[in-house]
Engineer: 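I am attaching a structure below and will ask some questions about it afterwards.
Note that ligands are numbered from 1 as they come in the structure, with each ligand's atoms numbered from 1 the same way. Since the model is a prediction, treat every value here as computed from it, not as a measurement. Heads up: numbering here begins at 1 and tracks the sequence.
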Amino acid sequence: MIPAILPTYSRAPLSFVRGEGSWLIEADGRRFLDLGAGIAVNALGHAHPALVKALTEQAGQLWHTSNLYKIPQQQALAERLVELSFADTVFFTNSGTEACELAVKMARKYFHDQGQPERVEIITFSGAFHGRSSAGIAAAGSDKMTKGFGPLLPGFKHLDFADHEALTVAITETTAAILLEPVQGEGGIRALPDSCLKGLRDLCDEHGILLILDEVQCGVGRTGKLFAHEWAGIAPDIMMVAKGIGGGFPLGAVLANEKAASGMTAGTHGSTYGGNPLGCAVGCAVLDIIAAPAFLAEINRKAGLLRQKLEGLVSAHPEVFEEVRGAGLMLGLKCRAANSDVVAAGYAHELITVPAADNVIRLLPPLNITDDEIAQAIARLESAAASLTPS
Ligand SMILES: *Cc1c(COP(=O)(O)O)cnc(C)c1O
């Protein structure tokens, strides 16, 4: 018999009733150190007082009106994002997937309105993840995500990750945009070198096509800059954001420059819940904390500390781990043991990590994790690794 919950996830035998900062607590009181943060969603940990305050205050005032009316919290968050980024304009969604949908629509509409309706194709890369909608799976293109769900949305061309040669050949008169994650999350914490991102920007400019960045997982402070592309000193034309921006409340956004957004006039797109007062009140509170230069500096300091300790862990357990990769507090441990075994060994030591492709486990802790919690995380990873090492 089919379970009451559609069985699309094979779930770990864990169930939490409460969260406090970097900790998740089970009904029996067991406390797990959370290096997953809901897959980079709980950017400020669990039950952060400023976010609880923003949400509960707003909940007592007004939950929902409609985008038929002005929403002051949405206006405030949009203005803040415009001020803090390359973007001139913002559309709010409830998820990363919905942000992907709009990014694709926006790029195509731009060329349509420019009198180049043949430019519909979007180039993407192997290992990408852009969500589970029809456009999202077509964009990623992997067998795992697309098989059985055809016919797929046409207009995507898939290249090998970071294959610059193939890219120069792939761009034609029908290309509209290049879409990629500066640091792949689901694909196994694969960071594109800054020089490649610069090269992609140049290539887009040269061919008059748009650069779309998916910063759903790597954005909002995760890599130690507010947005990951800032490390390369470039700006995209369109950017997808979600996960961390809501700190656990469902919130996403598409940020764009004026040119790329120029086709999206009244009536061309919409959302019932996107940009609702609750989500945007929380989003403002998240940005107030994460966008502060001193907070970003702390992320970088802690990332250095964690990474250095992880390098030590890898050298001490070469049968279990192969290498550390990633950027900021978006780190991956490429495993020699099966990554699912390493994640399970973590659970046995009350530590949460998240598996990814390429036999990697992801460490995506709350951005406000403390030094002491980093030390505890390493101790638990040591014990987990020791439990997997044949003696
Ligand atoms: C999680 C994720 C998405 C999809 O976001 P949802 O909120 O699950 O719809 C898209 N792109 C990337 C890079 C992601 O990590």
Engineer: Examine distances only and state if a side-chain atom of Arg380 and a backbone atom of Ala375 form a donor-acceptor pair shorter than 3.5 Å.
Structural biologist: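 No: the side chain of Arg380 does not pair with the backbone of Ala375.
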Engineer: Give yes or no for whether the N/O distance cutoff of 3.5 Å, strictly under, is met between His130 and ligand 1.
Structural biologist: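 For ligand 1, there is no N or O atom that lies under 3.5 Å from one belonging to His130.
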Engineer: Which of the atoms of ligand 1 are close to Glu181, meaning less than 4.0 Å from one of its heavy atoms?
Structural biologist: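 It comes down to these atoms of ligand 1: 13 (C).
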Engineer: Can you list the atoms of ligand 1 that are under 4.0 Å from a heavy atom of Ser95?
Structural biologist: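 Counting from 1, the qualifying ligand atoms are 7 (O), 9 (O).
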Engineer: Would you call Glu181 and Arg190 a salt bridge, taking side-chain N to carboxylate O under 4.0 Å as the test?
Structural biologist: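 A salt bridge is absent here (no side-chain N lies under 4.0 Å from a carboxylate O).
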Engineer: Does a side chain donor of either Trp63 or Gln58 reach within less than 3.5 Å of an acceptor in the other side chain?
Structural biologist: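 Their side chains do not contain a donor-acceptor pair, so the 3.5 Å distance test is not met.
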Engineer: Which of parallel (below 30°), tilted (30 to 60°) and perpendicular (above 60°) describes His317 and Phe321?
Structural biologist: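 Ring orientation, 0 to 90° scale: perpendicular.
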Engineer: Show the atoms of ligand 1 that are less than 4.0 angstrom away from any heavy atom in Gly131.
Structural biologist: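 Result: 4 (C), 10 (C).
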Engineer: Looking only at protein heavy atoms, which one is nearest to atom 11 (N) of ligand 1, and what is the separation?
Structural biologist: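 Protein heavy atom with the smallest distance to atom 11 (N) of ligand 1: Asp214 OD2, 2.7 Å.
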Engineer: Any donor-acceptor pair under 3.5 Å linking the side chain of Ser126 with the backbone of Phe161?
Structural biologist: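 Yes, Ser126 side chain to Phe161 backbone: donor-acceptor pair under 3.5 Å.
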Engineer: Can you tell me which residue and heavy atom of the protein come closest to atom 6 (P) of ligand 1, and the distance to 0.1 Å?
Structural biologist: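 That would be Gly96 N, 3.4 Å.
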Engineer: Where is the nearest protein heavy atom to atom 8 (O) of ligand 1: which residue, which atom, and how far?
Structural biologist: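 Here the closest protein heavy atom is Thr97 OG1, 4.3 Å.
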Engineer: Tell me whether Met240 has any N or O atom under 3.5 angstrom from an N or O of ligand 1.
Structural biologist: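 Between Met240 and ligand 1, no N or O pair is found under 3.5 Å apart.
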Engineer: For the side chain of Glu215 and the backbone of Ala228, is there at least one donor-acceptor N/O pair under 3.5 Å apart?
Structural biologist: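 Present.
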Engineer: Which protein non-hydrogen atom lies closest to atom 2 (C) of ligand 1, naming both residue and atom, and how far is it?
Structural biologist: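 Here the nearest protein heavy atom works out to Lys243 NZ, 2.6 Å.
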Engineer: Is Arg30 reaching over with its side chain to a backbone N or O of Leu24, donor-acceptor style, under 3.5 angstrom?
Structural biologist: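 Not confirmed, Arg30 side chain does not pair with Leu24 backbone.
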